[in-house]
Engineer: 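The structure's right below; bear with me while I get my questions together.
Just so we're clear, the structure is a prediction, and the values are computed from it rather than from any experiment. Hydrogens, waters and symmetry mates are skipped; everything else that's a heavy atom, side chains included, is used.
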Amino acid sequence: MNATLLAVLLCLASAVAYAAAAVAQERLARAAVARSAGALLGNGAWWWSAGLNAGAALLHAAALRYGPLTLVQPLGALTLVAAVPLGAHGAGRRVAATEWRGTLATVVGLGLLLLPASGPAPDDTLTLAEALAVSGATLAVITLLTVRRDVRSGLRHATASGLASAVASALTQTVAVAGGRGGALLSVRVVAVALLVVVFAVGGMLLSQRAYRGGLGAPLAVVNLANPLAAAAIGMILLGERLQGGAVGLLLAVAGALAAARGVLLLTRTAPSAAPAPAAGAAVSVPVPVTAPAPVPAPVSPAPAASAAPAAVPAGRVAV
């Protein structure tokens with residue numbers, strides 16, 4: 001089988017597994033389960049989502065063995081495409097028309113990106129010094145993104161998660177390619193880079209779990225935009241990866257990126273609320289509790305006194 005086709009198939013399977021894990025993580029975040037590490041570790045559903053993430057990571061690592069970063073990472077946006085129907089099914093609703101349009105735009109954009117990105121199987125890998133430098137710089141950026149706590153911290157955590165996942169993918173490719181060569185599996189470089197892969201993979205999952213507290217659509221979209229951009233930068237700057245087709249290939253890549261970005265934005269705008277909001281200017285009736293009046297006691301007539309005056313005699317009568 002062609003290496004590019006095999007990489008694409010592995011990416012598709014990985015995207016579905018990542019999408020299922022993201023939906024499960026978002027439900028846990030909304031249920032306030034993700035407030036502490038102890039609560040997560042004691043929750044069976046979280047372990048199920050962690051297992052899905054691990055399986056998706058293995059499929060992604062296999063794809064990186066056969067395809068370059070510029071090809072494999074953009075396909076990660078298919079996670080959002082798969083998460084839309086999965087999330088709608090879990091919420092008991094139908095997929096909205098805007099969601100279908102966003103899905104179509106994302107798929108078309110990814111198709112355009114695949115044409116110039118379909119290069120040969122990767123051969124170059126990161127040196128230990130390059131891996132350490134990339135890891136240190138990424139940790140510094142993640143710290144800056146997550147140190148503040150405000151209303152937009154969810155999107156910043158999502159950006160940090162995307163960066164962590166991109167570095168984990170670049171390091172995974174180094175382990176997959178260099179470790180696959182005879183006698184290099186237990187080298188110092190491969191073992192050290194493998195440990196960094198674990199750190200960034202687990203860190204990316206925990207960062208995304210925190211980002212999903214505000215919902216699934218926007219954070220997952222940011223993760224899927226930051227991830228391929230950072231991975232493409234690493235691949236082009238450090239691994240010598242290039243787009244195919246010259247100027248035409250570059251135009252296709254730009255058009256594909258714009259279409260995919262448009263699709264992702266459409267998908268982020270379709271998170272339905274639990275109940276429809278009232279129309280502008282409409283009166284909102286607020287039930288006011290009505291307190292029943294306390295019973296009024298009946299008046300008590302005083303007993304007649306002994307010296308009371310005689311009752312009035314009607315006219316025409318003579319008292320005897």
Engineer: Treating Ile, Leu, Val, Met, Phe, Trp and Tyr as nodes and any side-chain heavy-atom pair under 4.5 angstrom as an edge, say whether Val175 and Leu128 lie in one connected cluster.
Structural biologist: yes

Engineer: Show me the donor-acceptor pairs within less than 3.5 Å that the side chains of residues 131-147 make with the rest of the protein, sequence neighbours left out.
Structural biologist:
from	atom 1	to	atom 2	distance (Å)
Ser135	OG	Ala131	O	2.7
Thr138	OG1	Val134	O	2.7
Thr143	OG1	Leu139	O	2.8
Thr146	OG1	Ile142	O	2.8

Engineer: Going by the rule side chain to side chain donor-acceptor pair (under 3.5 Å), which residues pair with Ser165 if we only count those two or more places apart in sequence or in a different chain?
Structural biologist: none

Engineer: Are Ser169 and His60 close enough that some pair of their side-chain heavy atoms sits under 4.5 Å apart?
Structural biologist: yes

Engineer: If only side-chain N and O atoms count, and only distance matters, is there a donor-acceptor pair under 3.5 Å linking Thr159 with Arg156?
Structural biologist: no

Engineer: Could you see if Val8 belongs to whatever hydrophobic cluster contains Tyr18? Use Ile, Leu, Val, Met, Phe, Trp, Tyr and a side-chain cutoff under 4.5 Å.
Structural biologist: no

Engineer: Using the side chain to side chain contact (heavy atoms under 4.5 Å, CB included) definition, which of the options Leu126, Leu196, Val197, Thr127 pairs with Thr174?
Structural biologist: Leu126

Engineer: Shortest non-hydrogen contact from Pro219 to Ala211?
Structural biologist: CG-O, 3.4 Å

Engineer: For Ala63 and Cys11, work out which heavy atoms get closest and say how close.
Structural biologist: CB-SG, 3.7 Å

Engineer: Is there a path of hydrophobic side-chain contacts, each under 4.5 Å between heavy atoms of I/L/V/M/F/W/Y residues, joining Leu163 to Val223?
Structural biologist: no

Engineer: Given the rule that I, L, V, M, F, W and Y join up when any side-chain heavy atoms are under 4.5 Å apart, are Leu59 and Val16 in one cluster?
Structural biologist: no

Engineer: Who pairs with Arg94 by side chain to side chain donor-acceptor pair (under 3.5 Å), at least two apart in sequence or on another chain?
Structural biologist: none

Engineer: For the OG atom of Ser161 and the CZ atom of Arg210, what is their distance to the nearest 0.5 Å?
Structural biologist: 13.0 Å

Engineer: Look at the side-chain heavy atoms of Ile, Leu, Val, Met, Phe, Trp and Tyr, link any pair under 4.5 Å apart, and say whether Leu206 and Trp47 land in one connected group.
Structural biologist: yes

Engineer: If you compare all heavy atoms of Ala56 against all heavy atoms of Ser14, which two are closest, and at what distance to 0.1 Å?
Structural biologist: O-OG, 2.9 Å

Engineer: Rounded to the nearest 0.5 Å, how far apart are CD of Glu130 and CD1 of Ile234?
Structural biologist: 10.5 Å

